[in-house]
Structures are given as C-alpha cells and as structure tokens.
Amino acid sequence: MHPDEPEPPSHGSLQSLDLYRLAKTLIPGGTQLLSKRPEMFAPEQWPGYYREARGCEIVDLDGRRWIDMSIMGVGACLLGYADEDVTAAVIRRIEAGSMSTLNNPEEVELAQLLVKLHPWAEQVRYARTGGEAMAVAVRIARARTRRECVAFCGYHGWHDWYLAANRAPEGEADRLKDHLLPGLDPGGVPSKLAGTALPFAYNDLDRLAAVVGERGDELAAVVMEPTRRVDPKPGFLEGVRELCDRAGAVLVFDEITSGWRLALGGAHLRYGVAPDVAVFAKAIGNGHPMAAVIGRADVMQAAQESFISSTYWTEGVGPAAALATIRKMQRVDVPGHVASMGNRFRDGLGEIARRHGVAVRFAGHPAITTFAFDHPDPLALGTLLTVRMLDRSILSGSGFYATLAHGEKHVDGYLGAADAIFPELAEAVRQGDVSARIGGPVRHSGFQRLA
Ligand SMILES: Cc1ncc(COP(=O)(O)O)c(C=O)c1O
C-alpha cells in the first residue's frame, strides 16, 4: 500500500468488474471457489479482485481500500492477511528454496507439534487443501476397514466420495442441501457411487444410529465437523464415538473451518471427544496452502495400504507457514479474541436491527457468525445491506469471520455504518421496494450455473 497511490476511481467503470466479465469467458464458473464469486455478495457491484491484503484491509484492483468484515479469505486467515510472523517464515523458506529432491525438515517438526497438541493422535499426513485432505482421510478409513460407505454430516469439499451423496438412489436429489450448500451438481461423479455417502443431521444421534443399524457392517467412516453452527447436545459427540466403536468405523472430525477458532488445536479438544482422525486446512497455513490429516497410528498406517502421494505435498512453504501460525497461536489467545470480536459484532448488529425494526437472525459460533434477514426476500435485503456497506468502504456479506487482525475499531466502524444503513432497510421493507434499490441483481444463495 503506497502513500503516493493515485486517487481511487469511484463506482462506475472498474477494472475489477471488467476483469470478472473476462474471467467468466475464460474460466468456467469465473473463480476457483464458489464462495469467492461476486454473485455470492452483490452481482455486478462486489469488487472481484484484490491487489494487496494486510490485516483486515484490502486494496482492490482499482486501488480502492476496504475493511473486510466478511469471510476473511473464506476462513483461511485467522491471524489476518499477510501476518508478519507467518510471512517472515514463508520468505525464509522461499529464499532457502521451497522445493528440492530432498524433503523439508519442517514437515517432521510440524508433525511433532501436532501430535503434542493432540495427545490422542500419533501420526500425520499432509495435503495442501481441505477437500483433498478429506479425501485422504476417507481413503485411509476405507483402506483400514476394507469397507466403502461413509456416513457424514456437513460440507467436506468437492471430491467424488462426498458429492456421491447427490447421486442418491430412488431419486432423492440434493441430499446435500441441508449440509451447508444447496444445489451441488454431481455431474461427473460416477453413478456407481450412489448409496456410498449417507447423510445424517448434526445433533441427530437417532438418525446416525439408524444408519449404523442399517449399514453398520459397510461403514468405513463417520465424517463430521465436531461443531459448525451450534454446540453439540450433551452426549451427542460421545454417542457418535460409541456408535463408531460399535460399528468398527473410523471417526473423522473435519476441523477445516472450526479448527483453531474455538480452541487451540481444534473444537474437539474443547468438547473432550477424541476422534480417530482429524483434518486441518485453511487457518493452519494462514493463507498459504497447507492441510494435515492426523490420527491414531493404527488407523494412519492404513495409508500404506493404498497409494496416497503427491509432488507438491512435499514443498516447504506450507509446513513453514503452519509452524509459524501454530506457534503464534500458542503465544496469543486467538480463540478468546475472535469470540470477543464476534460477540461484539453480533450484540451490536442485533441491537441496531431491533432498534430499527428489521428482524435479523444470527447463527453459528460468535467467531464464525452468519446472519440472515427474517423477510420474505432475505437475499434481496442482504444484497442491499452489502451494497450500502460497499458505499462505506466495507466488505460485508452474510457472515463475519472474526480474526486476530480485527479490533474493536473495525467492529465499531461496521456497527456505525449499519446504524446509518438500517433506517433505509426498514424503509425499503415498508415500501416493498428492496430489490429496486439494489442497483443490480440480487445475490445467489448457493451453487448456480453462471451465464
Ligand atoms: C468443513 C469444511 N470441510 C472441507 C472444506 C473444503 O476445504 P477446501 O475449500 O480447502 O477444499 C471446507 C471449505 O469450506 C469446510 O468448511
């Protein structure tokens, strides 16, 4: 961010919007991640591309500065963008060579640190992204048990084992719609995988017990986040543990989003239930690709009964970033800070919404807050809020992922803006002209094909 940067352009013809239009002709779907599509925020208005990102501040391609009060790199940067300790460790590794014929020693040091933080775990494998790490975990579970079915709840990535759920038998389409993302099309996933991915709802132990009752002897794994939107009901995680033990299935906790936000080392440590395998990605590298699959040695050893191997899983930046990230999280109380910022955001926005008579519903843990309007067209009202926040140089969507880089001034800045915007939202609801005020299309709620 240079002090002598030219004056940023106002809304209008923007490189960022032009580039996204071009991208959609060159890149099917426009971006590599659904959640980064501008259509998920405010189509034709959301700045699609950035030039620099530091702390919780972003400079977009047109030189405009934004405070990010949205999803912060989709949860990848829990310490904030370009954290200086992580950046320094990464630069050291890059300058010393991030790839060679030999292996990087950081991956062993990181394995030692991970098993120290997770006394139930003894061994570690690595990948670089969440979805592939989940695919590794499922492969290990299948190799270990010599079984094929996976019971799951929640979202776990794009791989065949998971999307197979939408290759449902007996015409039950979109079984994934209650698992974070509606409308996921399983095109390209072999129909022969139908019936191998069996969904159950979080906190519904009876449903999982029924799945185990029906398919227990085919069950390789139970795959779930230890928490996402709510805490487990008393006895739920313990009950899942017991069902896995009874069925001989591997219990896999996906800590890709929950991990490190709610407790150092992952949410399962807070709840005191040990899985057989846990998977970390996103925040573990604070913006640098890194993922870890950790587990009990007798389960992890099944990795040797399959072929699980990839060139770039051996590069050195990911482990260097993860070591620096975790060490910083050992020094600083990140879960305490993000809970406090999340609560401040939620309490403040809830109070503003009540005062202006616009009903807002919150969900998720304070550190990963999502919200929606209680209105016949919640997406339109949400888009209007996003657009008005853009007028105030704030990136705001339908959720706030608090990070170490967010301070009270950022949250209070957002709340001040909300206080100025909500009278118009209330007025728009009264007049019934929410969509007309947006100045562009309403945002999407899930997976849609882009024109
Ligand atoms: C719980 C969970 N599992 C898996 C994934 C997939 O991770 P990635 O996008 O890195 O492939 C995500 C991403 O949002 C996630 O939240």
Side-chain angles (χ1 to χ4, degrees), residues 29 31-37 40 70-78 125-141 150-166 176 178-184 189 197 199-202 221-230 232 237 240 251-263 266-268 271 275 277-294 310 312-313 317-318 321-322 325 338 363-365 367-370 397-401 403 445-447:
T31 64
Q32 318 309 312
L33 180 78
L34 175 65
S35 306
K36 284 199 183 177
R37 285 185 183 171
M40 302 302 282
S70 64
I71 50 176
M72 288 299 290
V74 202
C77 295
L78 186 52
R125 284 291 309 251
Y126 299 113
R128 288 297 179 276
T129 70
E132 63 170 357
M134 289 306 298
V136 168
V138 168
R139 175 75 70 77
I140 288 174
V150 177
F152 74 91
C153 76
Y155 173 73
H156 303 290
W158 65 275
H159 291 73
D160 285 5
W161 76 265
Y162 179 69
L163 279 189
N166 274 359
L176 292 173
D178 299 323
H179 296 263
L180 223 53
L181 275 175
L184 294 185
V189 176
F200 67 97
Y202 188 77
V222 172
V223 175
M224 59 185 290
E225 296 182 88
T227 178
R228 179 69 176 224
R229 295 196 171 99
V230 293
L237 292 180
V240 172
L251 176 55
V252 179
F253 279 163
D254 175 343
E255 291 265 21
I256 289 166
T257 287
S258 58
W260 315 93
R261 286 190 155 70
L262 304 181
H268 69 280
Y271 300 125
V277 170
V279 180
F280 302 99
K282 294 203 186 198
I284 200 178
N286 206 63
H288 303 281
M290 191 59 199
V293 180
I294 70 172
S310 178
Y312 270 121
W313 289 349
V317 166
T325 301
V338 294
H365 294 277
I368 359 175
T369 287
T370 58
S398 56
F400 171 49
Y401 282 31
T403 71
S445 65
F447 181 74

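It should be emphasised that the depicted structure is a prediction, and the values quoted were computed from it without experimental measurement. Note that ligands are numbered from 1 as they come in the structure, with each ligand's atoms numbered from 1 the same way.
In terms of modelled atom types and a separation under 3.5 Å, the side chain of Y202 and the main chain of P226 share a donor-acceptor contact.
Contact check for K36 versus L33: side-chain heavy atoms found under the 4.5 Å cut-off. Between V279 and F253, every side-chain heavy-atom pair lies at or beyond the 4.5 Å cut-off.
Contacts of W158 with ligand 1, taken as heavy-atom pairs under 4.0 Å, are absent altogether. Looking at K282 against ligand 1, only its side chain comes within 4.0 Å, counting heavy atoms.
For ligand 1, the atoms closer than 4.0 angstrom to any heavy atom of G130 are 7 (O), 8 (P), 10 (O), 11 (O). Ligand-side atoms of ligand 1 in range of R228: 1 (C), 16 (O), range being under 4.0 angstrom from any heavy atom. Proximity to D254 (heavy-atom distance under 4.0 Å) selects the following atoms of ligand 1: 1 (C), 2 (C), 3 (N), 4 (C). With ligand atoms numbered from 1 in the order given, ligand 1 contributes 3 (N), 4 (C) to contacts under 4.0 Å with heavy atoms of H156. Within the listing of ligand 1, atoms 15 (C), 16 (O) sit less than 4.0 angstrom from a heavy atom of T257.
Ligand 1 has an N or O atom lying under 3.5 Å from an N or O atom of Y155, backbone or side chain. Of the N or O atoms in I256, none lie within a sub-3.5 Å distance of an N or O in ligand 1.
In the model, W313 has a side-chain atom that pairs as donor or acceptor with a side-chain atom of E132 under 3.5 Å.
In this structure, F152 has its ring center at least 6.0 angstrom away from the ring center of F200.
The shortest heavy-atom contact between A141 and A221 is CB-CB, 3.7 Å.
More than 12 heavy atoms of other residues, nucleotides or ligands shown are found within 6.0 angstrom of CZ on R37.
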